[in-house]
Amino acid sequence: MLNLVISEFERLWSMRLFKLLALLFIFISGFSVYFLTLFDIGLYTAESDTPLNAVNFPWFLLREVSFFITLFFMPLLYVIVLNSSLKSRAYKLILYRPYKKKLRFWYPNG
């Protein structure tokens, strides 16, 4: 399973658009970190705020960046991954494989 995950990351990293998205995400995260540390205040609501420290800083950073992750990066990444697999016909190769009802490690003699 680890080899499969490593192979998928290598395949993604070879794509130019994925590198551009990763660079853009790092830039947006760095920009959010800069402004959070510049003001040093985390806002829960308009009325309540708290000083930032090492415990609550990641949560406020996630709140700032989660909009871009959910509405911009994840759909684009999903489309990139599916589109590249459909264009290379990798899904057809998976679907053409024979289906075995018995698993070998459960029935070693069968």
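Positions are given from 1, in the same order as the sequence printed here.
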> Which heavy-atom pair separates L21 from L77 by the least distance, and what is that distance?
Replying inline: CD1-N, 4.4 Å
> Out of curiosity, does I41 fall in the hydrophobic cluster containing L36 (side-chain heavy atoms, cut-off under 4.5 Å, transitive links)?
Replying inline: no
> Got a second to check how far L62's CG is from S29's OG, nearest 0.5 Å?
Replying inline: 9.5 Å
>> Can you tell me how far apart NZ (K19) and CG (L12) are? Round to the nearest 0.5 Å.
In response: 11.5 Å
> Do R63 side-chain atoms and L43 backbone N/O form a donor-acceptor pair below 3.5 Å?
Replying inline: yes
> Can you get from L24 to I69 by hopping between Ile, Leu, Val, Met, Phe, Trp and Tyr side chains that sit under 4.5 Å apart?
Replying inline: yes
> How about Y44 and F60: are their ring centres within less than 6.0 Å of each other?
Replying inline: yes
> Which atom pair, heavy atoms only, marks the closest approach of V65 to S32?
Replying inline: CG2-OG, 3.9 Å
>> Working to the nearest 0.5 angstrom, can you tell me the gap between N56 CG and N53 CG?
In response: 4.0 Å
> Rounded to the nearest 0.5 Å, how far does CD1 of I6 lie from CZ of R11?
Replying inline: 15.0 Å
>> Hydrophobic cluster membership, with links at side-chain heavy-atom distances under 4.5 Å among I/L/V/M/F/W/Y: are F25 and L71 in one?
In response: yes
>> Just checking M74: does its CE atom have more than 12 heavy atoms from other residues, nucleotides or ligands closer to it than 6.0 angstrom?
In response: no
> For the atom pair CG (L52) and OG1 (T37), what is the distance rounded to the nearest 0.5 Å?
Replying inline: 8.5 Å
> Parallel under 30°, tilted from 30 to 60°, perpendicular over 60°: which one fits the rings of F27 and F31?
Replying inline: parallel
> Are L20 and I28 connected in a single hydrophobic cluster, I mean Ile/Leu/Val/Met/Phe/Trp/Tyr linked by side-chain heavy atoms less than 4.5 Å apart?
Replying inline: yes
>> For V33 and L61: C-alpha separation, side-chain torsions, deciding distance, then whether side-chain contact (heavy atoms from CB on, under 4.5 Å) applies.
In response: CA-CA 7 Å; V33 165; L61 178 63; 3.6 Å; yes
> Does the pair W13 and F18 meet the rule for a side-chain contact (heavy atoms from CB on, under 4.5 Å), with working shown?
Replying inline: CA-CA 6 Å; W13 193 249; F18 179 76; 3.5 Å; yes
>> For T45 and S48, which I'm curious about, is there any donor-acceptor pair between the side chains at under 3.5 Å?
In response: yes
> In Å and rounded to the nearest 0.5 Å, what is the CZ to CZ distance from F72 to F67?
Replying inline: 10.5 Å
